[in-house]
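Following: one structure in structure tokens, then a few remarks.
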Amino acid sequence: MAISSASLISSFSHAETFTKHSKIDTVNPPNPILLISKCNSLRELMQIQAYAIKSHQQDVSFITKLINFCTESPTESSMLYARHLFDAMSEPDIVIFNSIARGYSRSKNPLEVFNLFVKILEDDLLPDNYTFPSLLKACAVSKALEEGRQLHCLSLKLGVDDNLYVCPTLINMYTECEDVDAARCVFDRIVEPCVVCYNAMITGYARRNRPNEALSLFREMQGKNLKPNEITLLSVLSSCALLGSLDLGKWIHEYAKKHGFCKYVKVNTALIDMFAKCGSLDDAVSIFEDMRYKDTQAWSAMIVAYANHGQADNSMLMFERMRSENVQPDEITFLGLLNACSHTGLVEEGRKYFSRMINEFGIVPSIKHYGSMVDLLGRAGHLEDAYEFIDKLPISPTPMLWRILLSACSSHNNLELAEKVSERIFELDDSHGGDYVILSNLYARNKKWEYVDSLRKVMKDRKAVKVPGCSSIEVNNVVHEFFSGDGVKSATTKLHRALDEMVKELKLAGYVPDTTIVVHADMCDKEKEITLRYHSEKLAIAFGLLNTPPGTTIRVVKNLRVCRDCHNAAKLISLIFGRKVVLRDVQRFHHFEDGKCSCRDFW
DNA sequence: GTAGGGTTAG
């Protein structure tokens, strides 16, 4: 709702009635500054100002209090009023500037913060340690690394860089601007970092997908007997989730229980997310059901969790429960629902949620919602619809959107459309090796070897690199990582013998290596088979079989989508070795049990 | 009620 300053000022003059209708002690007139502390609406605040003017008690200190009230939890109208007060001052000083900047910073308006800074410099005012947090936050939200660096220099010059409040904002600015190493430099310069600084750095690592460094700082912090708080736990839990480290996650859960952190809704939500992403949906559900108060994020976490585990019916059930308890859904809620539908091929339901999101709840779809819709249509085989959907978007499509469609083309073996889609991708970004691999696999499947060859050359010429497949498994609190092809040349370890043994047993049970999905055309079948054997997920599963007691569930996390051959193999492994295998790929979870997968081979 | 501010990590 937009409010003009004219309407504000008119309600301001209306506020003069305050003095007429209120009983004012004329002998001992009340101090307007004291009235502000009891004030609880903008309207009352204006009445207090009217009174202060009338009783000649309006001074700089009073105005500062007024502005502070407005910027404490700013709204559009409170900021307009604050700005009105500010503009009326003849010589605003740094204190006033800081207060206004705080308001703009809290209402995520970096542009106005920067404008104010320009004014500060023009007025020859010196920024102080109250000025920097707002400025640095503005850089963080607008990803302005260069401006952030300059502010960092200025803070050094003015000697406020090691201020209790400036330090964490500096770290946060650098991590938000994706310069995590610069953040670490700031952190390392602090003589005795406090919990807030640790939190800023740990959160930065977790957000920038560097969970190992986050966890190692967490350990360092504990070694120093610094007490983590609930905010520390949020980042540590999200690091566990990234790694799929269930053991550490469980330990954090115990820690949270012991130290009274489970009363925080956000900690519980992070626990739900962690358990779900570490493959233990049951634990996620039990945390969720035990929560007394569930907010939008908690419900969404559960909806997303069910979606990623392929339980669309439960996702939708959660949504119904959420609605019946009058909790408002947000964009993440719908992202979860859309993913739930796309993972299970519920095209009509997905379409319905998409339109309800827009029409019933007024949520503007983001690129991720569009991506989910493309996935929904494409994976269900409505490839042309998906193509048209992307073509008609109100925004220009990102390579990612086309990539989702390309992978759907691959699932449905539609080479013709895949070629068309690849063209669209390469126009935007030709450096992504995965795109060439998908297309190349499709050529191979259709026995068009000459195309496979030329595509490999193009890929090489354009210096496109493929992210290597990497799978990890946690055994006895240690996360072991395996890259595809590890040991292809020198397979001498116990693990490789176990792998050979595993494949031998699989073959006895009817496993036939699917050599059509290997990119290299010049390999013979034997070589192709070896390449497949050393896929990272097979290595990780073999490691699990070798190093965990019979009957233990094997939990593997993979950085890419699971390949068709490994999916087949995992199904058989669950059957012949009597092990549950929980495989998290970049897209979703696969639960293998008794020769079947929870995705029902739809992925 | 230290009577011009009250910040930082989610």
Side-chain angles (χ1 to χ4, degrees), chain A residues 30-38 52 57-74 82 85-86 89 91-106 108 113 116 120 125-141 155 160-176 183 186-187 190 193-208 214 217-218 221 226-239 256 261 264-271 273 295 297-298 301:
Chain A
N31 185 329
I33 288 182
L34 283 182
L35 291 176
I36 295 177
S37 59
K38 288 174 197 142
Q57 296 187 69
Q58 175 164 272
D59 57 6
V60 186
S61 136
F62 172 74
I63 302 250
T64 313
K65 286 268 183 203
L66 286 182
I67 294 182
N68 269 330
F69 182 92
C70 294
T71 60
E72 174 77 38
S73 30
L85 294 167
F86 172 78
M89 300 187 82
E91 278 188 353
D93 62 9
I94 192 69
V95 176
I96 303 283
F97 267 104
N98 288 342
S99 184
I100 296 276
R102 172 176 83 151
Y104 283 131
S105 164
R106 287 192 176 172
K108 296 227 162 41
V113 180
L116 281 175
I120 289 176
L125 291 169
L126 262 191
D128 64 10
N129 51 2
Y130 291 94
T131 326
F132 281 96
S134 307
L135 285 169
L136 291 166
K137 255 191 195 170
C139 294
V141 301
S155 72
V160 293
D161 63 302
D162 60 351
N163 173 275
L164 187 61
Y165 300 104
V166 177
C167 243
T169 7
L170 265 174
I171 295 169
N172 187 48
M173 179 278 292
Y174 277 124
T175 59
E176 285 298 301
V186 175
F187 180 82
I190 311 169
C194 62
V195 179
V196 181
C197 287
Y198 268 102
N199 287 349
M201 199 62 236
I202 292 173
T203 305
Y205 277 134
R207 284 220 189 125
R208 300 276 81 89
L217 263 192
F218 173 64
M221 178 176 179
L226 266 173
K227 269 186 110 52
N229 61 17
E230 74 279 9
I231 289 159
T232 326
L233 292 200
L234 295 181
S235 299
V236 171
L237 284 170
S238 102
S239 301
F261 290 121
Y264 297 98
V265 179
K266 287 190 174 186
V267 170
N268 282 304
T269 306
L271 281 165
D273 186 61
D295 62 5
Q297 282 78 16

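Reminder, nothing fancy here: chain letters follow the sequence lines and each chain counts from 1. Please read all numbers here as calculations on a predicted model, not as lab measurements. Reckoned from all heavy atoms, side chains included, excluding hydrogens, waters and symmetry mates.
Distance CD (A:Glu176) to C1' (B:dG10): 11 Å, rounded to an integer number of Å. Remark: P of B:dG4 and CD of A:Gln58 are 16 Å apart, rounded to the nearest angstrom. In this structure, A:Ile36 atom CD1 and B:dG6 atom P are separated by 11 Å, rounded to whole Å. Between A:Asn31 atom CG and B:dG4 atom P there is a gap of 12 Å when expressed in whole angstrom units. Computed from coordinates, the A:Asn163 CG to B:dT8 P distance equals 11 Å when rounded to whole Å. Put simply, CG on A:Leu164 is 11 Å from C1' on B:dA9, counting in whole angstrom units. The CG-P distance, from A:Asn199 to B:dT7, rounds to 17 Å in whole Å. A:Leu136 places its CG atom 11 Å from the P atom of B:dT8, with the value rounded to the nearest Å.
At the heavy-atom level, A:Ile202 lies nowhere under 4.0 Å from the strands shown. Here A:Thr64 lies in heavy-atom contact (under 4.0 Å) with a base. Using a 4.0 Å heavy-atom criterion, one finds that A:Asn229 contacts the bases of the nucleic acid, with or without backbone contacts as well. Residue-level contact check: A:Ile67 touches neither bases nor backbone, having no heavy atom under 4.0 Å from any strand. Here A:Asp59 lies out of heavy-atom contact (under 4.0 Å) with every strand. Using a 4.0 Å heavy-atom distance criterion, A:Thr203 is classed as a sugar-phosphate-only contact.
In summary, the aromatic rings of A:Tyr198 and A:Phe187 are positioned with their centroids under 6.0 Å apart.
With distances taken from any side-chain atom of A:Val196 to the nucleotides B:dG10, B:dG4, B:dT8, the minimum falls on B:dT8. Comparing B:dG6, B:dG10, B:dA9 by their nearest atom to the side chain of A:Lys266 picks out B:dG10. For A:Asn172, taking side-chain heavy atoms from C-beta onward, the closest of the listed nucleotides B:dA9, B:dG6, B:dG4 is B:dA9.
When the side-chain nitrogen and oxygen atoms of A:Asn129 are compared with OP1 and OP2 of B:dT7, none of them lie within a distance under 4.0 Å. In terms of phosphate contacts, A:Arg207 brings a side-chain nitrogen or oxygen within less than 4.0 Å of OP1 or OP2 of B:dG10.
Each of A:Thr131 and A:Ser105 has a nearest nucleotide on DNA chain B; the 5'-most of these lies closest to A:Thr131.
Under the 3.5 Å distance criterion, with hydrogens and angles disregarded, a donor-acceptor pair is assigned to the side chains of A:Thr71 and A:Arg102. Between A:Thr169 and A:Asn172, the side chains place no donor N or O within less than 3.5 Å of an acceptor N or O (distance only, hydrogens not considered).
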Item to check | Derivation of the salt bridge (charged side-chain N to carboxylate O under 4.0 Å, His left out) call for A:Glu176 and A:Lys137 | outcome: CA-CA 9 Å; A:Glu176 285 298 301; A:Lys137 255 191 195 170; over 6 Å; no

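Across B:dG4 and B:dT8, the matching P atoms stand 22 Å from one another, rounded to whole Å.
A ring pair (Phe, Tyr, Trp, His ring centres under 6.0 Å) with A:Phe97 holds for exactly one of A:Tyr130, A:Tyr104, A:Phe86; it is A:Phe86. A:Ile171 pairs in a side-chain contact (heavy atoms from CB on, under 4.5 Å) with only one of the listed residues (A:Ile202, A:Thr203, A:Ile190, A:Asn199), which is A:Ile190.
Donor-acceptor pairing under 3.5 Å, judged by distance alone, is present between the side chain of A:Tyr130 and the base of B:dG6.
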